[in-house]
Amino acid sequence: MSFVVAIDGPAGTGKGTVTKIIAEDLGLVYIDTGAMYRCVALEAMKRQVEPEESTELFEILDSIEIAFKKNGMLQETWLNGENVSNEIRSAMIDAKVDKFAALKCVRDKMTPLQRKMGETSKIIIEGRDCGTVIFPDADVKIYLDCSMEERANRRYKQYLEKGIKATYEEVLENIKQRYKIETQREIAPLRKAEDAILVDSTKLTIEEVVAEIEKIINEKVS
Ligand code: DC
């Protein structure tokens, strides 16, 4: 029997981190839909294919194989038989992935794949359109939000830790731009599903967000 928890929200809300923890705690299969768009962008960049509908991009989409594999506590992303978990997080992919994710041909391929992954298992799926487009009938829908300033703050700290050079103002500007692109695009824009429960992580720790979402899930199943 399938059971679907859908978590949507903008980048920098802690979505990925909390989803992974909840998946472990509750024994759910974790599906990172953003990683799938990152795989498309990576394969296209490897083959020097631009983010626009073209024969070359269709060819990539026709043959692309994306899989998630568990390796201890880690979840690996595999693209055409290769572990690309680190490669898909590069700054180059960060800069281009939104353009691929906005294309109809890309979403037409990814959405059915994502639905298929949830057909037979109990899953927790995170992204931008999980509760609105992929699983409009999800058992639990969460919209995880956070102020722009706090999201920029968190991203800026991550950059400092990784030694990536950027000012807080640049990071904030980038967060604002991405939010605009994701909420205003034509296909599957980021928005809160009407029946999604809003969780605001601005003033909460990761542990507090996890506890709040697990409480919502547990109330639903009990
Ligand atoms: O969550 P992320 O940063 O890994 O997402 C990568 C890109 O994919 C980002 O541009 C948003 C987009 N995305 C999307 O359009 N729909 C989803 N369900 C998940 C991610």
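Numbering of ligands and ligand atoms starts at 1, following listing order.
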Which atoms from ligand 1 have a heavy atom of [X] less than 4.0 Å away?
X      : answer
Gly127 : 18 (N), 19 (C)
Asp98  : 10 (O)
Ala101 : 8 (O), 12 (C), 15 (O)
Glu182 : 9 (C), 10 (O), 11 (C)
Arg89  : 4 (O)
Val97  : 7 (C), 10 (O)

- Message: For Asp129, is there an ion pair with Arg107 - N to carboxylate O distance below 4.0 angstrom?
- Response: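 Judged by the 4.0 Å cut-off on N to carboxylate O distance, Arg107 and Asp129 do form a salt bridge.
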
- Query: Is the closest N or O pair between Arg185 and ligand 1 shorter than 3.5 Å?
  - Reply: yes

- When only distance counts, is Asp32 in polar contact with ligand 1, meaning an N/O pair under 3.5 Å?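 Among all N and O atoms of Asp32, none is under 3.5 Å from an N or O of ligand 1.
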
Given [options], identify the one with the heavy atom nearest to [atom].
atom                    : options                       : result
atom 3 (O) of ligand 1  : Met36, Arg38, Lys96           : Arg38
atom 1 (O) of ligand 1  : Arg128, Arg107, Lys15         : Arg128
atom 18 (N) of ligand 1 : Thr111, Asp94, Asp129, Ile134 : Asp129
atom 5 (O) of ligand 1  : Gly9, Ala102, Gly34, Ala6     : Gly34

- Item | From Glu82 atom CD to Thr77 atom OG1, the distance as rounded to the nearest 0.5 Å | 12.0 Å

- Query: Which heavy atom of the protein is the closest neighbour of atom 8 (O) of ligand 1, given with residue, atom name and distance?
  - Reply: Tyr37 CB, 3.7 Å

